[in-house]
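When a ligand or atom number is given, it counts from 1 through the structure's own listing order.
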Amino acid sequence: MERKIKKALLPAAGLGTRFLPATKASPKEMLPIVDKPMIQYAVEEAINCGIEDFIIITGKHKRAIEDHFDSAYELEEKLKSTGKEKLLREINKLSHINFAYIRQRVALGLGHAILCAKPFVKDEAFAVILSDDVIDPDYSLLKEMIRVYEEVECPIVALEEVPTSEVSRYGVVDGVMEGEIFRISNLVEKPKAEEAPSNLAIIGRYILTPDIFRILDRQKAGAGGEIQLTDALKSLLRKRTIYGYRITGKRYDAGDKVGFLKATLDLALKNSEVSGPFKAYIREIAQRIGIDGLHGCEKTRG
Ligand code: UTP
């Protein structure tokens, strides 16, 4: 099997119910963080790892994703004729990338979304990126996972320690550290806090091998009535080793309102165009909240 990871799957067919009403008719993946839709952060992250081909799993109301990565003739002409070269370069910077789109007719779960790509992923390992898990663009998580994959040639999932109160939102693993990687011995999808084997949650970056498709083909619906990738990984674990890679940088659950706001705040502070005035505004807010807060404290103490 080819050891180099050249393809990335980006499942983007979910209903995005946590972001309603914004996601009623528009894709969650197109919500902008500062000035880029979250799916573009994911694509750029993969390009930085040498990934050349993208398969995006879409669904109803997701056409805007295809338009976003397509050329925009009228807009380009306008930018050219008005001398807006920088913006023109910006909107064209992904024009050399190959995108393929597959429609998941019904949102039957992440595992099912991945299965939809089976005919287009041949006998090769591939990356799966959930674009609503935004990774700090200065942290090369996927690159590190690909490096590990090239050494061990086993499926790898990204892991993050989460508070016990949040384990029921994730796939959670059990296992042991082996050097820099975590050898997984069990996986549970969305466990109750008291039943979770650990606080290590699977987050939206995976390197998968094509044998997952054979399992997904037969996978029954699990938690929430969905075909879960975690359940398929649990079956795969009976046949081969699966590793976890513990993340050390920042990840935002941007599919959740608070996570999205945190990502917006941090990425705005890193953006040279807006960081100056934005910092000034944060100082203003801090002062406003701080002064009110202090008054409260002083009164209580007094
Ligand atoms: P989420 O668990 O975030 O689900 O899916 P969701 O539907 O997008 O959002 P909420 O929870 O209702 O707010 C994780 C990833 O899997 C994709 C989503 O698009 C997201 O990238 N997904 C999920 C699919 O592509 N198809 C599905 O059937 C389910």
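- Side chains of Asn186 and Lys234: a donor on one and an acceptor on the other come within 3.5 Å.
- We find that Asp253 and Arg169 are joined by a salt bridge, their nearest charged nitrogen and carboxylate oxygen being less than 4.0 Å apart.
- For Lys36 and Tyr41, the positive end sits near the middle of the six-membered ring, less than 6.0 Å away and at most 45° from its axis.
- Residue contacts with ligand 1, taken as heavy atom pairs separated by less than 4.0 Å, do not involve Glu226 at all.
- Nearest heavy atom pair, residue Ala12 against residue Ile65, reads CB-CD1, 3.9 Å.
- Protein non-hydrogen atoms do not reach within 4.0 Å of atom 5 (O) of ligand 1.
- For a threshold of 3.5 Å applied to N or O pairs, the pair formed by Phe19 and ligand 1 contains no separation below that value.
- Note that CG of Leu233 is 6.0 Å distant from CG of Leu208, once rounded to the nearest 0.5 Å.
- Residues Leu269, Phe278, Ile282 make up the rest of the hydrophobic cluster containing Leu265, defined by ILVMFWY side-chain heavy atoms closer than 4.5 Å, directly or through other members.
- Ligand-side atoms of ligand 1 in range of Leu108: 28 (O), range being under 4.0 angstrom from any heavy atom.
- His68 and Gln40 form a side-chain donor-acceptor contact under 3.5 Å, judged by distance and modelled atom types alone.
- At least one N/O-N/O distance between Gly16 and ligand 1 falls below 3.5 Å.
- You'll find the side chain of Lys270 reaches within 4.5 Å of the side chain of Asp136, heavy atoms only.
- Apart from Leu75 itself, the hydrophobic cluster it occupies contains Leu79, Leu87, Leu88, Ile91, where clustering links Ile, Leu, Val, Met, Phe, Trp and Tyr at side-chain heavy-atom distances under 4.5 Å.
- Heavy-atom contacts of Gly109 reach the following atoms of ligand 1: 26 (N), 27 (C), 28 (O), 29 (C) (cutoff under 4.0 Å).
- Distances below 4.0 Å separate heavy atoms of Ala107 from the following atoms of ligand 1: 28 (O).
- For an aromatic pair to be called close, the ring centres must be under 6.0 Å apart, and Tyr101 with Phe120 fails this.
- Regarding atom 11 (O) of ligand 1, its nearest protein heavy-atom neighbour is Arg18 NE, 3.1 Å.
- In terms of protein heavy-atom proximity, atom 21 (O) of ligand 1 is nearest to Pro11 O, 2.9 Å.
- Those atoms of ligand 1 with a heavy atom of Glu29 less than 4.0 angstrom away are 19 (O).
- Not a single heavy atom of Ile57 sits under 4.0 Å from any atom of ligand 1.
- The protein atom (non-hydrogen) at minimum distance from atom 12 (O) of ligand 1 is Thr17 OG1, 2.5 Å.
- The contact set between ligand 1 and Lys28, taken as ligand atoms under 4.0 Å from a residue heavy atom, comprises 3 (O), 6 (P), 8 (O), 9 (O).
- Distance from atom 16 (O) of ligand 1 to its nearest protein heavy atom, with residue and atom name: Leu110 CD1, 3.6 Å.
- When non-hydrogen atoms are compared, ligand 1 lies under 4.0 Å from the side chain of Asp132 (C-beta onward) but not from its backbone.
- For atom 7 (O) of ligand 1, the nearest protein heavy atom (residue, atom name, distance) is Leu15 N, 2.8 Å.
- If you check which protein heavy atom lies closest to atom 25 (O) of ligand 1, you get Ala13 N, 2.9 Å.
- The closest protein non-hydrogen atom to atom 19 (O) of ligand 1 is Gly14 N, 2.9 Å.
- Taking a 4.0 Å cut-off on heavy atoms, His112 fails to register as neighbouring ligand 1.
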Q.
Run the salt bridge (Lys or Arg N to Asp or Glu O under 4.0 Å) test on Glu45 and Lys143 for me, step by step, so that the C-alpha distance in whole Å, both residues' side-chain angles and the decisive distance to 0.1 Å come before the verdict.
A. CA-CA 9 Å; Glu45 179 186 336; Lys143 209 178 256 176; over 6 Å; no
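- Those atoms of ligand 1 that come under 4.0 Å of a heavy atom in Ala113, given as number and element, are 24 (C), 25 (O), 26 (N).
- A donor and an acceptor atom, one from each side chain of Ser235 and Arg218, are nowhere located under 3.5 Å apart.
- In the model, Tyr252 has a side-chain atom that pairs as donor or acceptor with a side-chain atom of Asp266 under 3.5 Å.
- With respect to atom 26 (N) of ligand 1, the closest heavy atom belonging to the protein is Gln104 OE1, 2.7 Å.
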